[in-house]
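Notes follow the structure.
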Number of protein chains: 4
Amino acid sequence: MPKQKTAPDSSRRSEAARRAILTAALDLVGELGYAKLSIEGIAAAAGVGKQTIYRWWPSKGALLFDALLTFATDGQDGQSAALPDTGDLAADLKLVLRATVAELNEPRYDQPMRALHTEIVHDPALAADYAERLDGPMREIKKERLRAAQRAGQLAGDVDLDVAVDLLFGPVLNRWLQRTAPLTPEYADQVVDTALRGLRPRDRQG
Amino acid sequence: MPKQKTAPDSSRRSEAARRAILTAALDLVGELGYAKLSIEGIAAAAGVGKQTIYRWWPSKGALLFDALLTFATDGQDGQSAALPDTGDLAADLKLVLRATVAELNEPRYDQPMRALHTEIVHDPALAADYAERLDGPMREIKKERLRAAQRAGQLAGDVDLDVAVDLLFGPVLNRWLQRTAPLTPEYADQVVDTALRGLRPRDRQG
Amino acid sequence: MPKQKTAPDSSRRSEAARRAILTAALDLVGELGYAKLSIEGIAAAAGVGKQTIYRWWPSKGALLFDALLTFATDGQDGQSAALPDTGDLAADLKLVLRATVAELNEPRYDQPMRALHTEIVHDPALAADYAERLDGPMREIKKERLRAAQRAGQLAGDVDLDVAVDLLFGPVLNRWLQRTAPLTPEYADQVVDTALRGLRPRDRQG
Amino acid sequence: MPKQKTAPDSSRRSEAARRAILTAALDLVGELGYAKLSIEGIAAAAGVGKQTIYRWWPSKGALLFDALLTFATDGQDGQSAALPDTGDLAADLKLVLRATVAELNEPRYDQPMRALHTEIVHDPALAADYAERLDGPMREIKKERLRAAQRAGQLAGDVDLDVAVDLLFGPVLNRWLQRTAPLTPEYADQVVDTALRGLRPRDRQG
DNA sequence: TCCTAATCGAGACGGTACGTCTCGTCTTAGT
DNA sequence: ACTAAGACGAGACGTACCGTCTCGATTAGGA
């Protein structure tokens with residue numbers, strides 16, 4: 001069987017170069033914005049040859065994603081992460097959604113995440129990677145909290161949890177991406193309240 | 001008063017060139033995808049000098065937006081547009097959301113809209129323009145239908161209509177942009193049902 | 001008939017850029033030598049975009065040749081040039097060959113000419129161009145002087161003038177290119193004397 | 001005395017690798033031409049690590065030279081080589097010069113020799129090596145034949161033999177390198193005849 | 001016979017330059 | 001004044017090689 005292109009041997013990979021590249025990528029995207037981010041610039045800032053980037057990452061988006069994964073998930077253990085559960089679903093969700101809002105408003109995260117989302121929009125392969133490695137685990141954590149709420153009788157048992165997660169987080173992410181209106185903690189509260197209560201009047205009998 | 005930069009005189013503008021450019025832009029973005037779309041290519045495809053593009057549009061995103069506005073809103077009258085109102089809110093919303101899903105899945109719209117969203121993500125000026133000229137009017141139409149539902153007692157009176165719109169359309173738009181899962185008509189129905197009913201159990205009295 | 005690649009329109013060509021590029025090329029090849037001469041470097045030194053070079057010259061060799069032609073032939077009229085004719089063929093040839101030796105030893109000409117010859121060795125198209133535009137005219141001038149010598153009875157009438165030119169100038173050029181031995185004015189004299197007299201003994205009858 | 005750089009120990013040298021490299025170099029230069037010849041390519045074609053090349057040869061030119069020396073001088077004994085001596089100097093020289101022409105026109109030799117000459121033009125160290133190991137011995141063989149001719153009274157006694165060799169072989173080598181005109185056996189004959197007879201008329205007595 | 005040190009293949013690394021592409025500006029003719 | 005055309009300075013793209021630098025894995029002699 002003839003080998004296709006001799007894939008790089010990751011055992012020989014330089015960890016120093018890898019970290020320098022990821023750091024430089026995050027620094028530069030925060031500094032210059034996504035539009036002015038170039039592989040050339042990242043290589044120069046990291047003190048690395050361009051080929052070293054092209055060797056290990058298939059696209060600028062994949063590099064950015066890797067950078068985000070590496071440094072954003074730096075502190076936490078990975079699997080041990082869970083949403084708070086004080087017994088009060090509405091309060092817990094507001095806390096989480098407000099934290100999300102705060103993070104999205106944080107300049108340090110804003111630019112890289114916009115960049116990543118831009119790439120995802122146009123690159124199905126990267127989207128799949130994102131869904132598997134970032135969105136998937138996060139979504140599972142959220143669904144876990146909602147499952148607990150179902151067990152506690154605070155959430156309807158027949159609700160599709162994926163839809164529930166989308167209902168809660170979709171509006172916030174959307175407003176952030178589209179900038180249709182400022183993204184405030186109050187908005188997060190509103191979304192939680194409205195999503196939990198539903199749009200239909202409660203005093204009517206169905 | 002000395003003129004600053006001799007602003008282009010739109011009275012002399014060539015309508016033929018304008019339409020050729022907008023058409024070429026939509027064609028090319030559908031053909032090549034956003035990443036390979038270039039001003040240079042649009043000019044060549046439209047049989048137009050590059051300067052003619054730079055003279056009339058401030059950015060590639062603005063051009064794309066213009067193209068979308070010009071051709072997407074082609075058939076409809078503009079103000080007369082309204083959401084259907086059969087008296088059955090859930091059914092009407094499902095109809096609209098399914099139509100949205102269908103449009104987003106339509107290849108002819110998919111690429112240009114992704115491109116526009118990408119630009120919006122990074123260009124606040126364009127985002128404002130988008131909010132004012134496209135999202136705003138559409139949102140108003142949706143809110144009008146919801147207001148009617150409030151009058152008919154099918155929607156809680158104290159619900160913020162903007163949040164309601166976000167709750168209904170945000171998840172769909174999000175799933176489209178992020179490709180976390182396939183975007184189906186059934187999902188549209190689920191979102192409507194869940195948003196209307198709310199996440200909380202209905203059989204509890206409080 | 002579809003146009004192939006839309007050849008550049010030389011009427012719009014920037015003369016300033018052209019001269020800056022040719023000057024920079026000659027300067028740099030003299031400064032760094034041929035091996036370290038790069039298009040990138042020439043463009044930077046000339047304050048010019050790389051594309052402007054690639055647009056007008058098919059290869060580094062063609063550019064160098066152009067530079068040499070432009071500046072080496074700067075002073076002289078072009079057609080009026082002729083070799084000296086004092087009536088003494090040997091003296092005239094020695095003068096010319098000594099001048100050739102001096103020029104080849106001149107650092108200002110040495111590097112660019114070596115570079116050009118290197119390119120010619122590997123690029124038949126450039127070789128043809130060289131033969132037509134530089135070697136051809138020069139050879140004609142030399143042959144003209146030899147024709148005059150034939151008329152004056154100082155040169156055998158049945159000698160092929162091209163071979164005669166090669167016999168006189170070939171050894172000098174060769175020694176320069178191959179560095180087999182130092183290239184001195186005395187060597188020029190020796191070549192002229194030997195070529196004129198021939199290798200065979202003169203006092204023998206056969 | 002501390003060793004400077006740990007010079008390679010040639011006793012441990014792999015003869016298989018050496019021959020594979022030299023063979024690959026000659027093959028590739030004939031196949032791709034000199035411009036596209038790369039150390040990387042030679043190493044790959046030879047199935048050899050790049051370092052093995054860099055360890056044993058100081059430059060691409062030295063490698064090429066080595067390759068030429070190894071395979072071009074393969075059949076012949078080395079010292080026993082001598083030019084033919086039938087007693088007829090002109091005939092002998094024509095034979096040799098025609099053989100030279102044939103070799104230079106041989107595709108198998110053309111490319112590598114051009115490559116070597118290119119390197120020599122720019123690399124004085126290689127030029128010295130070439131002069132000592134290839135040009136020198138060959139020139140000595142040629143001069144030996146000319147000396148015999150002098151003894152036989154077929155060559156003027158006061159002619160500088162180096163100049164004589166240059167006069168005979170320079171024109172041919174030059175026409176080959178510069179491609180000013182096709183290199184034919186007839187040209188070789190003409191050069192020999194003209195060089196032997198001289199350019200001056202023979203019927204004049206002085 | 002084992003030891004050990006140099007050579008081997010392989011290929012990652014920091015770099016430089018390549019030739020192409022597009023950017024946004026500027027210039028030239030032609031309506 | 002606008003247009004089509006396209007040259008220009010600028011600079012990023014992704015590729016190809018450069019020459020240096022580890023890596024194990026042979027592969028010789030010298031002990």
> Looking at CG of B:Asp66 and CZ of B:Arg133, how far apart are the two atoms once the value is rounded to the nearest 0.5 Å?
Replying inline: 6.0 Å
>> If you only use heavy atoms from C-beta on, which nucleotide in F:dC8, E:dC8, E:dC13 is closest to the side chain of D:Arg55?
In response: E:dC8
> C:Lys36 NZ to E:dG15 P: how many Å, rounded?
Replying inline: 16 Å
> Could you give the CD-to-C1' distance, from D:Glu15 to E:dC8, as a whole number of Å?
Replying inline: 15 Å
> CG/A:Leu63 to OH/A:Tyr54 distance, rounded to the nearest 0.5 angstrom?
Replying inline: 10.5 Å
> Rounded to the nearest Å, what distance is computed from the CD1 atom of residue C:Ile21 to the C1' atom of nucleotide F:dA10?
Replying inline: 14 Å
>> Using only modelled atom types and a 3.5 angstrom limit, is any donor from either the side chain of D:Lys50 or the base of E:dG11 paired with an acceptor on the other?
In response: no
>> If you go through the side-chain atoms of C:Arg12, does one of them form a donor-acceptor pair with the base of E:dT27 closer than 3.5 Å?
In response: no
> What's the closest nucleotide to the D:Gln51 side chain, out of E:dA10, F:dT3, F:dG14?
Replying inline: E:dA10
> Roughly how far, to the nearest 0.5 Å, is CG of C:Leu116 from CG of C:Leu126?
Replying inline: 6.0 Å
>> So if I take every side-chain heavy atom of B:Val48 and compare against F:dA4, E:dT7, F:dT15, which nucleotide ends up nearest?
In response: F:dA4
>> Return whichever of A:Ser14 or C:Ser38 has its heavy-atom-nearest nucleotide of DNA chain E closer to the 5' end.
In response: A:Ser14
>> I need the A:Arg108 CZ to A:Leu26 CG distance, nearest 0.5 Å.
In response: 7.0 Å
>> As an exercise, state the distance from CG of D:Leu64 to CG of D:Leu69, rounded to the nearest 0.5 Å.
In response: 11.0 Å
>> Between P on F:dC2 and CD1 on B:Ile53, what's the gap in Å once rounded to a whole number?
In response: 17 Å
> If you pin A:Gly41 and B:Gly49 to their nearest nucleotides in DNA chain F, which one's is more 5'?
Replying inline: B:Gly49
>> Rounded to whole Å, please give me the gap between CG in D:Leu63 and P in F:dG19.
In response: 12 Å
> Please give, in whole Å, the distance from E:dA17 C1' to C:Leu32 CG?
Replying inline: 14 Å
>> Quick check on the helix from E:dT1-F:dA31 to E:dT31-F:dA1: what's the angle between its two end axes, five base pairs per end, to the nearest 10°?
In response: 20°
> Would you say D:Trp56 reaches E:dC8's phosphate, i.e. side-chain N/O to OP1/OP2 under 4.0 Å?
Replying inline: yes
> Roughly how many Å is it from CG in A:Leu28 to C1' in F:dA12, rounded to a whole number?
Replying inline: 14 Å
> Taking for each residue the nucleotide of DNA chain E with the nearest heavy atom, is it A:Thr52 or A:Glu40 whose nucleotide lies nearer the 5' end?
Replying inline: A:Thr52
> To the nearest Å, how far apart are A:Arg18 CZ and E:dC13 P?
Replying inline: 12 Å
> Any idea how C:His117 and C:Tyr130 line up, ring-wise: parallel (<30°), tilted (30 to 60°), or perpendicular (>60°)?
Replying inline: perpendicular
> To the nearest 0.5 Å, how far apart are OH in A:Tyr109 and CG in A:Leu68?
Replying inline: 8.0 Å
> Between B:Trp57 and B:Arg13, is there a cation-pi geometry (under 6.0 Å to ring centre, at most 45° from the normal)?
Replying inline: yes
> Which of the following nucleotides, E:dC18, E:dT7, E:dG9, is nearest to the side chain of C:Lys60?
Replying inline: E:dC18
